[in-house]
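Only one structure is covered here, and it is reproduced in the block below.
Chain naming here is simple, since letters A, B, ... match the order of the sequence lines and numbering starts at 1 in each.
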Protein chains: 2
Amino acid sequence: MARTPVWKSIAIALTDDIAQGRYETGGKLPAEAQLSARFGVNRHTVRRALADMAAQGLVHSRRGAGVFVAAKPTDYPIGKRVRFHQNLAREGRTPGKKLLTLETRAAGLREAEALRLTAGDPVLVYDGLSLADGQPIALAQAVFPAGLLPGLREALEEESSITKALKRCGVEDYTRRETRIAAKLATATQALHLQISEGAPILRTTSVSVDTTGTPIEFGRTWFAGDRVTLTVGGET
Amino acid sequence: MARTPVWKSIAIALTDDIAQGRYETGGKLPAEAQLSARFGVNRHTVRRALADMAAQGLVHSRRGAGVFVAAKPTDYPIGKRVRFHQNLAREGRTPGKKLLTLETRAAGLREAEALRLTAGDPVLVYDGLSLADGQPIALAQAVFPAGLLPGLREALEEESSITKALKRCGVEDYTRRETRIAAKLATATQALHLQISEGAPILRTTSVSVDTTGTPIEFGRTWFAGDRVTLTVGGET
DNA sequence: GGGTAACATTTGTCTAGTTGTATAGCTGAT
DNA sequence: ATCAGCTATACAACTAGACAAATGTTACCC
């Protein structure tokens, strides 16, 4: 007759609290010390419960910060028309962006090929962090042909969305010609930005977008935090 | 001529030690390993003795912590005027309270009926643990009509007693209109808070308190640890 | 304003000690 | 022969305390 261990009943109680909405998704749980006081139990026992919940993907902890209710993996549709803001708004989440770097440099081989340029042609490289409800979702790099899109740099600095910035440069619409998906492990830098641990799984997508005339406009590489995003393909989005 | 078993003589010796005041009530006994060394027997034999004493309510053990001398069952008078602090102080024990949760939510059917509200009306729910000399005595849940008592939440957070908090909200006096008593078995969560074993007997009281005008003010449910409390009814307290 | 230094908070990890439970075996009395 | 009483050993579950490492906050200075 194995009675339910203490840590398990704590895990159940906390799971119930989350399910009841007493703690918001993405929100912070009380500190372990507070929880141990609330349940009248040693902190280690609380940690055992939290570890169980973390293994189920219900919560995740950050040393020095706290324990957070894990947000459900975001479904991110990949199709002809990929719009970050729309994709997230549809899921009922608040999209956000953080500009990391914005620079003009010479195109590399890979980039030149994708954008139908010559290696060495000037390209505008946008590095940014995509957020959902304030939580990092993806690292995005977009490479634009600088020669074709004058004024894009300023537009990207001011506008909150790439779609809007492109529109200001005369690109009314654009679609994805191709998207490739691969699974990788996070490097230290990526892990830092995405607030995941080094070596955690990430999804890398590589894409080429073209305007209505079929001219390549953007060469994009995006790294998604593997446990926060599920890519979906096939809806006619 | 059945000789007294070894474990029994150990139990007698320890019981005598307690009676002689060699171990304070509420204090910790030496670890089982130490006792087994002292009596020159196996730890299991000591455990057999302790189990016997625990069955008599003389001691109680907490895994990982030790074996403690049990306090005598507290007499807890239930009448028109039930005040936790007073009830315990009269017995010469030090009352204590620990706030577990405090939330505002919609009233359930049962609660609405008792408080003469409509199901769905906002109620303030107080969950707390009552202590005597630091030992858990009872789990208490009190449901207040949130609409009638603005500011009660803050008062409950700051004051140590419900009576005082109510006074701050203008309730000078209140009495019990009714108390129902039932015997139940402890659930895992209850057992955790009361530091008893799952399935141990508990006393559940359900009460409705009214102010001087007869308006229901509190709907209370309390779970007493069965072997630590004896409810008394009938004194004109 | 921006950088930085100090401080408090919080999680991560480690060591040690204690009770709870399970299994196996020995011994003497009936 | 059986069986209750006890020994022996091992592991699981929980407590207790301490310290390290990361983070967030605040005050302060230039």
Which pair of non-hydrogen atoms, one from B:Ala49 and one from B:Ile10, has the smallest distance, and what is that distance?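 So the minimum-distance heavy-atom pair works out to CB-CG2, 3.7 Å.
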Heavy-atom side-chain proximity of B:Thr104 to B:Val123 below 4.5 angstrom: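 Sidechains of B:Val123 and B:Thr104: no contact.
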Would you check if B:Phe224 and B:Thr74 make a side-chain contact, meaning some heavy-atom pair closer than 4.5 Å?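 They are not in contact (no side-chain heavy atoms under 4.5 Å apart), so the answer is no.
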Check whether any side-chain nitrogen or oxygen of [X] sits under 4.0 Å from OP1 or OP2 of [N], and answer yes or no.
| X | N | result |
| --- | --- | --- |
| B:Arg47 | D:dC6 | no |
| B:Trp7 | D:dG5 | no |
| A:Thr45 | D:dA13 | no |

Candidate nucleotides [options], ranked by approach to the side chain of [X] - the nearest:
| X | options | result |
| --- | --- | --- |
| B:Val41 | D:dT15, D:dA18, D:dT7 | D:dT7 |
| A:Arg43 | D:dT9, C:dT21, C:dT13 | C:dT13 |
| A:Ala65 | C:dG12, D:dG24, C:dT19 | D:dG24 |

Rounded to the nearest angstrom, tell me the gap between atom [atom1] in [X] and atom [atom2] in [N].
| X | N | atom1 | atom2 | result |
| --- | --- | --- | --- | --- |
| B:Ile196 | C:dT19 | CD1 | P | 20 Å |
| B:Gln195 | C:dT19 | CD | P | 15 Å |
| B:Asp52 | D:dC6 | CG | P | 12 Å |
| B:Asn42 | C:dT21 | CG | P | 16 Å |
| B:Glu32 | D:dA8 | CD | C1' | 15 Å |
| B:His60 | C:dT18 | NE2 | P | 18 Å |
| B:Gln34 | C:dT18 | CD | C1' | 10 Å |

Quick one: does A:Arg62 reach the base of C:dG12 with a side-chain donor-acceptor pair under 3.5 Å?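 There is none.
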Go through the N and O atoms of the side chain of A:His44 and the base of D:dG17, and report whether any donor-acceptor pair is under 3.5 Å.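 Answer is yes: a donor-acceptor pair is held.
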Need one value for B:Arg48: base, sugar-phosphate or nothing, where a base atom within 4.0 Å counts as base even if backbone is also close, heavy atoms only.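 Here B:Arg48 touches no strand at all.
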Assess, by modelled atom type and distance only, whether the side chains of B:His60 and B:Gln195 contain a donor and an acceptor separated by less than 3.5 Å.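 Their side chains do not contain a donor-acceptor pair, so the 3.5 Å distance test is not met.
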Quick check on DNA chain D: between B:Gly40 and B:Arg63, whose nearest nucleotide comes earlier from the 5' end?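 On the 5' side of the pair lies B:Gly40.
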For B:Leu50 and B:Trp7, what are the C-alpha separation, side-chain angles and deciding distance, and is it a side chain to side chain contact (heavy atoms under 4.5 Å, CB included)? CA-CA 9 Å; B:Leu50 290 174; B:Trp7 64 263; over 6 Å; no
